[in-house]
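Below is one structure, written out as structure tokens, with a few remarks after it.
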Protein chains: 2
Amino acid sequence: MAREPRSGSQLPVTPTTLADVAERAGVSRQTVSNAVNNPDLLRPDTLERVRQTIAELGYSPNRAARNLRTRTSSLIGLRFTPAQEGTANAMMDRFVHSLVEASDEAGYHVLLFPADDEDPVGGYDNLLRSTAVDAFVVTDTYLGNPQAAWLSQQRAPFVAFGRPWDDDVARHVWVDVDGAAGTRLATQHLIDRGHTRIAWIGWRKDSPIGEDRRSGWLTTMHANGLSTTGLASRVEDVVHSGAEAAAVLLDESTPTAFVCASDTLAMGVLHTLWIRQLAPGRDIAVVGFDDSQVAQVFPVGLTSVRQPLEDVAVEIVRTLRLLLSHQPVEARGVLLEPTLVIRESS
Amino acid sequence: MAREPRSGSQLPVTPTTLADVAERAGVSRQTVSNAVNNPDLLRPDTLERVRQTIAELGYSPNRAARNLRTRTSSLIGLRFTPAQEGTANAMMDRFVHSLVEASDEAGYHVLLFPADDEDPVGGYDNLLRSTAVDAFVVTDTYLGNPQAAWLSQQRAPFVAFGRPWDDDVARHVWVDVDGAAGTRLATQHLIDRGHTRIAWIGWRKDSPIGEDRRSGWLTTMHANGLSTTGLASRVEDVVHSGAEAAAVLLDESTPTAFVCASDTLAMGVLHTLWIRQLAPGRDIAVVGFDDSQVAQVFPVGLTSVRQPLEDVAVEIVRTLRLLLSHQPVEARGVLLEPTLVIRESS
DNA sequence: GGGTCCCCCTTGATCGATCCAACTGCGCTG
DNA sequence: CAGCGCAGTTGGATCGATCAAGGGGGACCC
């Protein structure tokens, strides 16, 4: 089993194995394994000697062998939906970045696999049965999505980013951001600035996330004794629709501020203001949702609700570790608070 | 070795193995393996019988065991740089999506690992030595970046998205987009629309990518007999700088159009136009680079150069497969042509 | 002196796939 | 009828790690 050490820093044809280290350090394989995984079991001087040999030979445990024996992979699967080019998608990308960071700190890597429209659970099934990943992070848990239910049924460990809105079925663990709290922040911010006629432009009624965000605006308005009649609009999540809705609301209800369910819709409002020669922030205030790049780069900075995606990722990874180590999870769901990033538009 | 088949569609505690399939189908393990990996070696009726058993038991080969034996992982490593929140980053995210799709079709998955600023090759080294990935895709090959050179030296298979600009050192395989061709398209488009005084706002001189894009503008102007004196500006890639540069150029050289090295800078130009009450597209034309979401969502759609990232990803995966199967790669580098997405701003 | 711990380390078996060499029919040839 | 080649199949070894037992030796106690 003797092997040549790495010449220079060149990778050898066959990488160093645990047995190589053992022989060189004059100990058994198990001792080397313990030096890596259970250092407390070794006498300090032995540990030091083995560690030095590991460093000398540039040894890293073979992932495949370890995975085979321990029946784990240190990989977290994430279905990466195809680029749809909207502001919501950009939010997801920011989340993926956070997830990669958080996972790494817990010793996990993130494995991406594509979405297959025809077979929504196909990718999951494959990775699960071939024991390629330890767990999943599920991101699209909107109403009627089969993934979460399917994974639960398979007893596959996973954490969802997003609440199960039809909670009579779902019994899984989740982390989410309180959208209503976000729009409450936004609305209160505008009220504090003296606005009283604050309009809402949101998504269609069948979107639970949209209705949640809408409720934040609604309750805050009412809590402040402000009327909301004629000030709400529900449209498709595209710039064009946002612009139209803003035009109609301006004509019919003369609002002085807009709270939107997304930055995309807020862009639409800004478009209408532009056409009507109204200055955002001075004439009319606008607040968006998601703090997308558009909000940041836009010449007139767009005030927007920002989801704490870094925290979401950390919380998800923390929960995953509990699940994987079969420890009890304190709460089935965790709800995090968003923040308001204030810019020139309000 | 007898195991219970899966009850219903529930995942068993210990998944089905190749030996289970063999026993149930009344053949040897090797025959099952061949049915999966070398179907031609089996008699049609045997193959059919084994395949049916595989389907019945819901068998998928254990990834770890296969990886250990074959010394491959079917994983492609990609360093996922932390979210810097610029338009360039959004471009990378779009590329990752394409890469996941292209990899999947070739039977690979994408493994993300975070960037460590202190040790630029740390993540690579780890994955390489632990044989966790088969190859890498390197995305940040700008001047002076050590990754590519280091990987080459380690004889690690990888393909770069981006040319090695200091090509006296680099000898690796790459795929890139012809930035100069993009700005040529943009400039010619503006010339065709009757513009003669077309300004350039680009990055600082030490960016080879920026200089490449600049050259496309320069050569096209000269090829059409147009002067470029006083029409070029090199600044930081932030909105603010773009706005300033546009203001200076407008005052001093009265251009009627702008070509920018990025959408970020184009946003700055739009900002200045907004302040000066100039209508983009009607009074002054603007072209950006990268076709980011900002360009698409902006009320006045921004004309922008779009990189064919889907094609880049496909080409990268194709090249990787050649590398991994030790087949000769036809060309050390492949240069793809971008397209111009024309919107209202020009 | 001898037994009992405990600490530290070693040995053999194992995870589940693929590689390897050998083995079995079967048809054909000399 | 022995010998040979070919296609299909077989059991055993192997990849490199961890798991589960199994010592050896010193300290300590009776």
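In this text the structure is predicted, and so the values were computed from the model without any measurement. To find a chain, count down the sequence lines: A is the first, B the second, and so on, and within it residues start at 1.
Considering only side-chain N and O atoms, A:Arg71 lies under 4.0 angstrom from the phosphate OP1 or OP2 of C:dG16. Residue B:Thr70 places none of its side-chain N or O atoms closer than 4.0 Å to OP1 or OP2 of C:dT18.
In this structure the side chain of A:Phe158 never reaches within 4.5 angstrom of the side chain of A:Val137, judged on heavy atoms. Side-chain contact between A:Met92 and A:Thr81: absent, with no pair of heavy atoms (C-beta onward) separated by less than 4.5 Å.
Per the geometry, CG belonging to A:Leu47 stands 13 Å off C1' belonging to C:dC9, to the nearest Å. The CG atom of A:Asp20 sits 13 Å away from the C1' atom of D:dC15 (whole-angstrom rounding). Regarding A:Tyr59, its OH atom lies at a distance of 7 Å from the C1' atom of D:dA17, rounded to whole Å. Put simply, CZ on A:Arg129 is 16 Å from C1' on C:dG16, counting in whole angstrom units. The CG atom of A:Asn38 sits 14 Å away from the C1' atom of D:dA20 (whole-angstrom rounding). The distance from atom CG of A:Leu18 to atom P of C:dT11 is 13 Å, rounded to the nearest whole Å. Atom pair B:Leu68:CG and D:dC15:C1' shows a separation of 4 Å (rounding to whole Å applied).
The side chain of B:Arg69 lies closest to D:dT14 when the candidates are D:dA17, C:dC15, D:dT14.
Residues B:Ser325 and B:Gln327 bring a donor and an acceptor atom of their side chains to less than 3.5 Å of each other. Between the side chains of A:Thr131 and B:Asn62, at least one donor N or O lies within less than 3.5 Å of an accepting N or O. Judged by distance alone, the side chains of A:Asn67 and A:Ser73 never bring a donor and an acceptor atom under 3.5 Å apart.
Interatomic distance, NE2 of A:His109 versus CG of A:Asp134, reported as 12.0 Å (0.5 Å rounding).
Pairing each heavy atom of B:Leu111 with each of B:Leu127, the nearest pair is CD2-CD2, 3.8 Å.
The residue B:Asn37 sits close only to the backbone: its heavy atoms come under 4.0 Å of sugar-phosphate atoms, none of a base.
Judged by atom type and distance alone, B:Arg66 does not reach the base of C:dT18 through any side-chain donor-acceptor pair under 3.5 Å.
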Polar atom pairs between nucleotides 4-11 of chain D and protein, under 3.5 Å, N or O only, would you list them?
residue : atom : partner : partner atom : Å
D:dG8   : OP2  : B:Leu41 : O            : 3.4
D:dT9   : OP1  : B:Thr46 : OG1          : 3.1
D:dT10  : OP2  : B:Ser28 : N            : 2.7
D:dT10  : OP2  : B:Ser28 : OG           : 2.9
D:dT10  : OP2  : B:Thr31 : OG1          : 3.4

